[in-house]
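Along the sequence shown, residues are numbered consecutively beginning with 1. Hydrogens, waters and symmetry mates play no part in the numbers below; they use all other heavy atoms, side chains included.
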Amino acid sequence: MRVTMTSVAARAGRQNEDFVGALPTAAVLIDGAGIPGGESICRHGVAWYAGRLGGSLLGLLSLQRDRGLPALLAEAIEQVTDEHRDTCDVADPISPSATVAILRVSGGFVEHLVLGDSVLVLDRADDAPLVVSDPREVIISRSYQPAIEAAAEGSDEYRRLLRDLRANRNRAGGFWVAKDDPRAADEAITESRPISELTGAVLLSNGASRIVDRFGLAGWPEVMAVLASSGPAEIIRRVRQAEARHGVAADDATIAHCTDLGG
């Protein structure tokens, strides 16, 4: 499998809280999440959490090729949580968390997992691209979004709203992300398809998928065509232009484009 990756921080001088990495048979994308004030809860930070989780997943994927993706994600969550449970309040609602997308080629099949609002798109040989997403966080966030956008970023009200929103994480009726509870992995969306049905795939953080789901600049067939001709950096360039044009705060944007799946 060939993987072309691009990851760009929201702005210059800001730490990128996404992670992306690949093996010959797998790709992993992590989109870290946190809110101002979280440094008082976890001294390591969101970027550390995303990098540790991604690194643990890559190691497990390389060594335990016969285990299911949810089981590997659960073990990775537990490993990272154990690394900082003695120094940080890992159970606090604003401690670092992350969304996850994984793709693995195994035994003539392409397996995938999505947890949270990262997006995975399968480019099918004889049909339109198949979009794999977890809508639960997006659905719940809609009721908070107007108030969050009206509050001054970094204000007490802004932090309160984000804390209230994230109190819905990892509980029944809420949405699920990688954080401190490995059981969240059981809530991930998973499936496998024969390699013969696919010509490629792409994993995107929500800062990159907004080219379609926020700005409507292109449909997924066009995105896959641009990836094939110009690569992930061109998609992110178009996202940055749209953010500037609409006055939307930039987000970390990460893409892993997977081709030659049967190679």
Next on the checklist: If the condition is ring-ring contact (aromatic ring centres under 6.0 Å, His included), which residues does F109 pass it with, not counting sequence neighbours?
Outcome noted: none
Next on the checklist: Applying the side-chain hydrogen bond (donor to acceptor under 3.5 Å, both in side chains) criterion to N206, which one of T99, T254, D117, D252 satisfies it?
Outcome noted: D117
Item to check | R142 vs Q145, side-chain hydrogen bond (donor to acceptor under 3.5 Å, both in side chains): CA-CA, chis, key distance, verdict | outcome: CA-CA 5 Å; R142 283 176 186 155; Q145 205 60 40; over 6 Å; no
Checklist entry - Okay, side chain of R210, backbone of R214: is any donor-acceptor separation there less than 3.5 Å? => result no
Checklist entry - Just checking, is any N or O donor in the side chain of S7 or D18 under 3.5 Å from an acceptor N or O on the other one? => result no
Checklist entry - Counting heavy atoms not belonging to R2, are there more than 12 under 6.0 Å from its CZ? => result no
Item to check | Donor-acceptor side-chain pairing of Q241 and R238 below 3.5 angstrom | outcome: no
Checklist entry - For V105, which fellow cluster members are found when Ile, Leu, Val, Met, Phe, Trp and Tyr are connected by side-chain heavy-atom distances below 4.5 angstrom, either directly or through intermediates? => result M1, V3, M5, V20, L29, L103, V110, V114, L120, L122, L130, V132, I189, I195, L198, L203, L261
Checklist entry - What residues, two or more places apart in sequence or in another chain, satisfy side-chain contact (heavy atoms from CB on, under 4.5 Å) together with L23? => result A26, L58, L61, S62
Next on the checklist: Check this for me: R67, atom CZ, are more than 12 non-hydrogen atoms of other residues, nucleotides or ligands nearer than 6.0 Å?
Outcome noted: yes
Next on the checklist: Tell me if a side-chain donor or acceptor on Y158 pairs with a main-chain N or O of A147 at a distance below 3.5 Å.
Outcome noted: no
Checklist entry - If Ile, Leu, Val, Met, Phe, Trp and Tyr residues are connected whenever their side-chain heavy atoms lie under 4.5 Å apart, and connections chain through other members, are W176 and I102 in the same group? => result yes
Item to check | Lys/Arg-Asp/Glu bridge criterion (N-O < 4.0 Å) met for E157, R159 | outcome: no
Checklist entry - How does the hydrophobic cluster around V90 look, that is, which other residues are in it when side-chain heavy atoms under 4.5 Å mark a link? => result none
Next on the checklist: Quick one, R193 with E191, criterion salt bridge (charged side-chain N to carboxylate O under 4.0 Å, His left out). Give me CA distance, side-chain angles, the key distance, then yes/no.
Outcome noted: CA-CA 7 Å; R193 289 179 174 267; E191 194 181 6; 3.4 Å; yes
Checklist entry - For R14, does the CZ atom have more than 12 heavy-atom neighbours from other residues, nucleotides or ligands under 6.0 Å away? => result yes
Item to check | Sidechain N-carboxylate O distance under 4.0 Å for R160, D156 | outcome: no
Next on the checklist: Restricting to ring-ring contact (aromatic ring centres under 6.0 Å, His included), what partner residues turn up for W48, sequence neighbours left out?
Outcome noted: H44, H84
Next on the checklist: Do the side chains of R85 and D82 get close enough for a salt bridge, i.e. N-O under 4.0 angstrom?
Outcome noted: yes
Run the side-chain donor-acceptor check on residues 221-229: report pairs under 3.5 Å with partners two or more places apart or on a different chain.
unit_1: S229; atom_1: OG; unit_2: A225; atom_2: O; d: 3.2
unit_1: S229; atom_1: OG; unit_2: V226; atom_2: O; d: 3.3

Checklist entry - More than 12 heavy atoms of other residues, nucleotides or ligands under 6.0 Å from CZ of R65: is that the case? => result no
Checklist entry - Are the charged groups of R104 and E111 less than 4.0 angstrom apart, N to O? => result yes
